[in-house]
Amino acid sequence: MLSGSTTITSPVGELHACLDRLVSVDPASLTDEEQAELVRELAGAEARVAALKLKVLAAAEKSQTARRAGAATTGQWAAKLSCDDGAEAQRQVALAGRLERRTATQQALATGQISTAKADIIVRADTQLPSTVTTDQRATVEAALLDKARIMSPSTLRRAARRAIEAVEPDPDVVDAHEERLVRDEEDAARGKSRLTLHDNADGTVTGHFIVPTLQGHLLRKILDTMTAPRRARLGASRAQAGDPQGPDTDWHHARGVAFCELLEHLPTDHLHPRTAATVVVTVDEEVLRGRIAAAGLDTGDKISAGAARRLACGAGIMPAVLGGRSEVLDLGRSKRLFSDQQRVAIGINHRTCAADGCERPFAWCELHHRQPWGRLGRTDLAEGIPLCSFHHRRIHDAGFLHRRLPDGSIRFSRRT
């Protein structure tokens with residue numbers, strides 16, 4: 001407990017008392033709805049406690065409390081008090097300072113409406129706006145991002161924040177150019193941070209750690225996800241009978257490690273060249289390749305700068321977003337039961353993840369489900385393809401659940417009563 005004035009220790013003591021009562025509740029005894037409500041309420045309470053801590057850190061930074069305690073920085077002082085990592089504590093101090101300039105975000109965090117991760121994204125977006133943006137316009141941008149933060153995950157919000165200026169900028173070319181500049185700056189910074197370290201553990205293994213830019217990281221992830229994705233066709237139903245270790249209790253970190261070994265063994269060392277090692281679909285307008293400034297989209301959900309897209313076009317075959325033509329038949333009707341590779345690429349342009357509402361399993365792990373089941377005269381057409389992960393693919397065929405398509409194209413499930 002705190003050793004200061006009673007006005008401080010009393011409320012904190014009450015908070016601990018409330019937590020003691022919550023800890024005594026057995027979550028297993030709650031209904032599904034009660035468990036969901038408890039998770040939502042605890043997330044809000046967690047955000048409120050974090051907001052209070054950030055407010056204290058901001059005050060300590062202003063009053064130089066750390067210096068009087070003999071610490072070099074407020075982050076160092078806070079890390080010692082909470083036994084936290086120094087770098088993380090310093091990041092919290094920086095966030096606390098930025099929050100003081102964005103009161104609406106500070107209030108949303110203090111009332112438990114958003115998390116600290118989302119608050120950090122919003123205040124960072126404010127620092128990246130052009131200097132010509134006025135105070136009133138910044139408030140408009142902030143409000144727009146707060147609306148998105150209430151329904152988006154942090155990773156989705158981070159991508160949306162790159163285009164935050166569109167809340168006050170009607171010209172789409174200006175918005176595209178601003179986003180492209182942010183992506184380019186991230187790429188430049190990421191290349192400067194790139195590192196690879198290898199250590200021989202003298203036990204038959206080598207430990208490594210690497211930092212690479214987003215594009216190269218997604219290239220590696222797509223390769224490994226494809227090699228280890230659950231229920232891949234080449235593994236089939238014979239996996240259990242064959243004693244394959246990738247069963248329902250698979251350690252996926254181990255599986256990716258094994259796949260990484262396989263990848264290294266099959267690198268084309270006899271003719272290494274800068275050609276891309278795996279197909280990553282880059283959605284890019286022809287105008288961008290010709291010089292227009294706008295970020296290009298990856299089928300992993302992230303974006304790369306126009307310069308990076310043009311560089312890839314020099315040494316690799318980019319799969320464009322506009323597919324079809326005489327060489328590729330994308331709508332197969334009833335002529336084939338399974339979707340083709342070309343159709344899968346095309347569907348992946350519009351779906352970065354499983355189509356189930358709230359599911360973020362990557363598209364590479366998904367199977368294509370016919371909106372109108374094939375057995376009921378469904379067609380193998382683009383409009384009929386819905387990417388679903390193994391879990392949600394089973395659920396959509398589960399008679400115990402209902403499902404409906406939402407306006408954004410996602411699928412929401414509910415238990416049949």
Side-chain angles (χ1 to χ4, degrees), residues 84-91 94 117 120-121 124 153-156 158-159 161-162 182-230 232 245-246 250-282 295-319 348 352-353 360-365:
D84 202 355
D85 178 72
E88 174 58 28
Q90 194 58 46
R91 281 192 291 270
D120 187 48
I121 292 169
R124 283 182 183 275
S153 67
S155 58
T156 305
R158 188 173 294 107
R159 290 192 288 270
R162 292 173 179 159
L182 294 181
V183 173
R184 186 180 67 248
D185 289 346
E186 287 180 6
E187 289 174 349
D188 292 342
R191 184 163 295 279
K193 296 176 182 176
S194 295
R195 295 288 186 276
L196 172 64
T197 59
L198 297 173
H199 175 72
D200 191 331
N201 298 319
D203 62 356
T205 65
V206 172
T207 300
H209 177 267
F210 67 86
I211 300 174
V212 295
T214 297
L215 172 61
Q216 286 72 22
H218 282 304
L219 283 171
L220 178 60
R221 176 177 292 182
K222 288 203 71 174
I223 294 170
L224 298 181
D225 279 350
T226 301
M227 296 173 71
T228 60
R232 283 180 300 150
Q246 290 193 19
T250 297
D251 179 346
W252 291 108
H253 293 298
H254 172 67
R256 291 188 186 96
V258 173
F260 190 44
C261 293
E262 183 180 347
L263 172 66
L264 293 174
E265 290 176 359
H266 290 85
L267 287 176
T269 55
D270 56 330
H271 56 282
L272 286 177
H273 55 74
R275 187 175 180 83
T276 303
T279 301
V280 169
V281 181
V282 181
L298 300 179
D299 63 348
T300 57
D302 279 279
K303 291 198 172 185
I304 59 175
S305 64
R310 288 192 286 270
R311 179 178 59 80
L312 285 176
C314 294
I318 289 182
M319 180 70 74
R352 311 303 188 194
T353 63
E360 295 192 356
R361 286 185 174 90
F363 180 84
W365 284 37

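Nothing fancy with the numbering, it's 1 onward along the sequence.
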List the residues meeting salt bridge (charged side-chain N to carboxylate O under 4.0 Å, His left out) with [X], not counting sequence neighbours, and say none if there are none.
X: Arg124; answer: Asp120
X: Arg158; answer: none
X: Asp185; answer: Arg181

Within this structure, what is the [atom1]-[atom2] distance for the pair [X] and [Y], rounded to the nearest 0.5 Å?
X: Ser155; Y: Ile121; atom1: OG; atom2: CD1; value: 8.0 Å
X: Asp84; Y: Arg91; atom1: CG; atom2: CZ; value: 9.0 Å
X: Glu187; Y: Gln216; atom1: CD; atom2: CD; value: 8.5 Å
X: Leu196; Y: His209; atom1: CG; atom2: NE2; value: 10.0 Å

**Item:** CZ (Arg221) with more than 12 external heavy atoms under 6.0 Å
**Value:** no

**Message:** With a 4.5 Å cut-off on side-chain heavy atoms, are His254 and Val258 touching?
**Reply:** yes

**Asked** Which is it for Asp225 and Arg256 under the side-chain contact (heavy atoms from CB on, under 4.5 Å) test, yes or no, and what are the steps along the way?
**Response** CA-CA 8 Å; Asp225 279 350; Arg256 291 188 186 96; 3.8 Å; yes

**Asked** Is there a donor-acceptor pair under 3.5 Å between the side chain of Asn201 and the backbone N or O of Asp203?
**Response** no

**Message:** On a heavy-atom basis, which atom in Val183 and which in Arg162 lie closest, and how many Å separate them?
**Reply:** CG2-CD, 4.0 Å

**Request:** Write down the atom of Phe260, the atom of Leu220, and the distance for their closest heavy-atom approach.
**Result:** CE1-CD1, 4.0 Å

**Request:** Check the side chains of Glu360 and Ser153 for a donor-acceptor pair under 3.5 angstrom, ignoring hydrogens and angles.
**Result:** yes

